[in-house]
Amino acid sequence: SERYNARDAEPRWQRKWDEQAIFVSKNDDSRPKYYVLEMFPYPSGRIHIGHVRNYTLGDVLARFMRAKGFNVLHPMGWDAFGLPAENAAIERKVAPKAWTYDNIAAMKKQLRSIGLSLDWSREFATCDPSYYKHQQKMFLDMLAAGLAEREKRKLNWDPVDMTVLANEQVIDGRGWRSGAVVEQREMSQWVFKITKYSQELLSALDGLDRWPDKVRLMQRNWIGRSEGLLIRFALDAATTPAGESELKIFTTRPDTLFGAKFMAISADHPLAQAAAAKNPALAEFISDIKKIGTAQSIIDTAEKQGFDTGIRAVHPFDPSWKLPVYVANFVLMEYGTGAIFGCPAHDQRDLDFVNKYALGNTPVVCPEGQDPKSFVITDTAYDGDGRVINSRFLDGMTIEQAKEEVAKRLENELRGNAPVGERQVNFRLRDWGISRQRYWGCPIPVIHCPKCDVVPVPDDQLPVVLPEDVSFDKPGNALDHHPTWKHVTCPTCGGKAQRETDTMDTFVDSSWYFARFTDPWNANAPTTPTVANRMLPVDQYIGGVEHAILHLLYSRFFTRAMKATGHLALDEPFAGMFTQGMVVHETYQKADGSWVQPAEVKIEVGGNGRRATLLATGEDVAIGPIEKMSKSKKNTVDPDDIIATYGADVARWFMLSDSPPDRDVIWSDERVQGASRFVQRLWRLVNDAVEAGKAAPATRPASFGDDALLLRKAAHGALDKVTSGVERLHFNVCLAHIREFTNTFSEVLQRPGQPAADLAWAIREASQILVQLFSPMMPHLAEECWQVLGQSGLVSEANWPQIERDLLVEDSVTLVVQVNGKKRGEVTVATAAQNPEIEAAALALDAVKLALDGKPVRKVIIVPKRIVNVVG
Ligand code: ANZ
Ligand code: ZN
């Protein structure tokens, strides 16, 4: 037979699938549903190899579940708003909309060439007004439900360009275009009240048992629940500005209260402001440390700095004990109360701080087994377990006991009318700021009226559509600069008013698209609840671990908000979550340090290992480390090139075969060529099998000879392994079983002579099973083979083969052999073997003879299929 020609076959089958609309799923289908979703792409212009991996993983599952009889929903769309479209507009003078939709068209063509079983009838882009209309409606619903609010937030302000900058537009503290030092400015922002669900979002993680543990852990840490105590420290009046009398702090370690050496407050704390009013040096310090911004990463790495305000706080258990109050750069106003007491012996930040300002430390928790007298802390704080020391009435307690004791005492102590201490649960999670001062996003549908304040845009005026006649000549928000768009009359009073010019964070767009896919045709509402409730949750969501925190958390919140506003009736959008690994590749570098693309390099494998030269000139290039594919290192491969050279099936097979889906896969041309050879091998095998199977009787033979049985066992064994492997997304393991089965199949086919009727029948059965087994992975080749096998219809529509369980029974069992209860070896015998045979095999073992040491055997006890115990 001729070579399999992917270039010819692949587009042909893709057209056929399209014409017959076999991947379109109907909402009124009575079969059980299965919703497979891969994270939808940003239309950057071209798909990259990571997309190919992501969508292939989902596609294998989708095709498999379809064959298993499920009504599979496997949709695709575009996460289409965002900054790159505006940058293109600035750099290349193309309108963001045109740029985006052109990219979508180009990428859709690429996606089609991969042969994915997608339901394109549900396609949408988040920048379609028919999508964001509903998002605007939901924003208004959330506003009415108290789930959206205005809040003052700090933003990056570029003082030269006079504009707000997105975080990614701030490079080393400077504006990307102006180069000016960026300032932090407070402005009113729209936020979603995700913190109303902090506890619920945390607790519900326990039920997400088909999520990777690491993702759940990342979410837990992000939500950051901590139990602690609020303590009101009295301030020493003589040192304190008028009007201030106490300092409230939040601590998770009240057990360390006797190790306190200082108090610290945030630069934004009202007490800091009050103290700075009379102290210019302090005011200057405050303005200095505010410049570094409030990003946690900066604060964690910046050197600890403080300024003694002169104010003294009084220890809650000792009126004569005064603690200095510092303004410190590591205390955030946004967490707890914006104030802490510092216990250097048991907190590294506090220790760094006291070591800088020579405030000393007293250890108050001593590790078990350590002599308290010799326990000193110098550079490393001790945050482990132990017994409380140096702490008066707490001495000898465990940390937990001491926490409880301090909480009890301070709860019961009143100052004014209020207790000095109060238990509190704190969360790190902040409300979700969704305002972006950018053009290419979903407009926030409110109007600001000087008389009526914030007025929602009436429903019948939705969507608030982005104007297209915008100019990017000026820095900042093109919506704001538009000559007319924002000037409107107030829907309430009819007076002059202005539209909100902020647009929504693009994370909002991706927080509900999975719900929209269930009924994207509904023009009147974001969802059709009966349909959404039936099709959701997504049974298997697949995407990169880089979205493990925010996107998933926002989607989980948004689902709850949609439930609260009547659009859905579930809490968790994704029942199963899978994070795929990256596609990585070697890097190549010329002597001058410039990076070279893999396609320009020739690799030779010789005695001294691998050597790389430039194809064009023959000059040597250095082989660098394997890294994530990136434009900067040029270690990318273009999916189009791969598909043009080898076909999509080869790319898919390679991606699936080389490592477990959750690990990184190293792109290797050599291995891709290996996959390509395997495709041809399968093609030949199937064609040979057709020949050999010609003599097969129409009905199943009553019995099978050895060769037929061997083949049938291999086929059904592989079927069993692949079936359970695909369900668990162990694709690389599945592929290994397919290869193994292929080997057995080839061997059987190579037996000389015409196969007997029973074998011919088994060959025909095996070839059908084989084609079906690899059809989720290599669907084009599978269709071509299916046709060669003389099957009517498409393999993509065929039911998954039935496993014959009898063929899976193991031929042999292995039993542990003991002598007088001690393990001495193992014997493997036929499953059908009788006791005398097993006994003989066990006694024949050298290890058994040795252990018996010439003593007679008194008894042999056999536990079927498990143990042979020889009693000597
Ligand atoms: C005294 C203490 C002693 C603390 C000790 C820790 C160890 P989590 O677990 O993340 O909730 N803290 C409180 N508010 C803060 C703020 N706004 N900025 C910076 N740090 C703040 O952390 C709670 C601990 O972080 C609190 O417990 C407080 O320091 C600090 F050996 O109080 B601790
Ligand atoms: Zn008004």
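Order of appearance sets the numbers: ligands from 1, and atoms from 1 within every ligand. As the structure is a computational prediction, the values presented were derived from the model and not from experiment.
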Give me the pairs of N or O atoms, one from ligand 1 and one from the protein, that sit under 3.5 Å apart.
| residue | atom | partner | partner atom | Å |
| --- | --- | --- | --- | --- |
| ligand 1 | 10 (O) | Arg428 | NE | 3.3 |
| ligand 1 | 10 (O) | Arg428 | NH2 | 2.7 |
| ligand 1 | 11 (O) | Ser226 | OG | 2.5 |
| ligand 1 | 11 (O) | Tyr335 | OH | 2.5 |
| ligand 1 | 17 (N) | Leu332 | O | 2.7 |
| ligand 1 | 17 (N) | Tyr335 | O | 2.9 |
| ligand 1 | 18 (N) | Leu332 | N | 3.0 |
| ligand 1 | 20 (N) | Arg349 | NH2 | 3.4 |
| ligand 1 | 27 (O) | Thr251 | OG1 | 3.4 |
| ligand 1 | 27 (O) | Thr252 | N | 3.1 |
| ligand 1 | 27 (O) | Thr252 | OG1 | 3.3 |
| ligand 1 | 32 (O) | Thr251 | OG1 | 2.7 |

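- At least one donor-acceptor pair closer than 3.5 Å links the side chain of Gln401 to the backbone N or O of Thr398.
- Separation of the Phe192 and Tyr554 ring centroids does not fall under the 6.0 Å cut-off.
- Among residues two or more places apart in sequence or in another chain, the side chain to side chain donor-acceptor pair (under 3.5 Å) test is passed with Asp213 by Arg216.
- Without hydrogens or angle criteria, Asp395 side chain to Ser391 main chain gives a donor-acceptor distance under 3.5 Å.
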Query raised in the report: Going through the distances and angles, do Glu186 and Lys154 end up as a salt bridge (charged side-chain N to carboxylate O under 4.0 Å, His left out)?
Result: CA-CA 4 Å; Glu186 274 218 331; Lys154 282 190 206 143; 5.7 Å; no

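- For Phe262 and Phe341, the ring centers are positioned 6.0 Å apart or more.
- Shown here are the side chain to side chain donor-acceptor pair (under 3.5 Å) partners of Asn477, two or more places apart in sequence or in another chain: there are none.
- Taking 2.8 Å as the limit, the number of protein N, O or S atoms around the Zn ion (ligand 2) is 4.
- Crowding of Asp172 atom CG: a count of heavy atoms from other residues, nucleotides or ligands under 6.0 Å not exceeding 12.
- For Asp236 (side chain) and Val314 (main-chain N/O), no donor-acceptor pair under 3.5 Å exists by modelled atom type.
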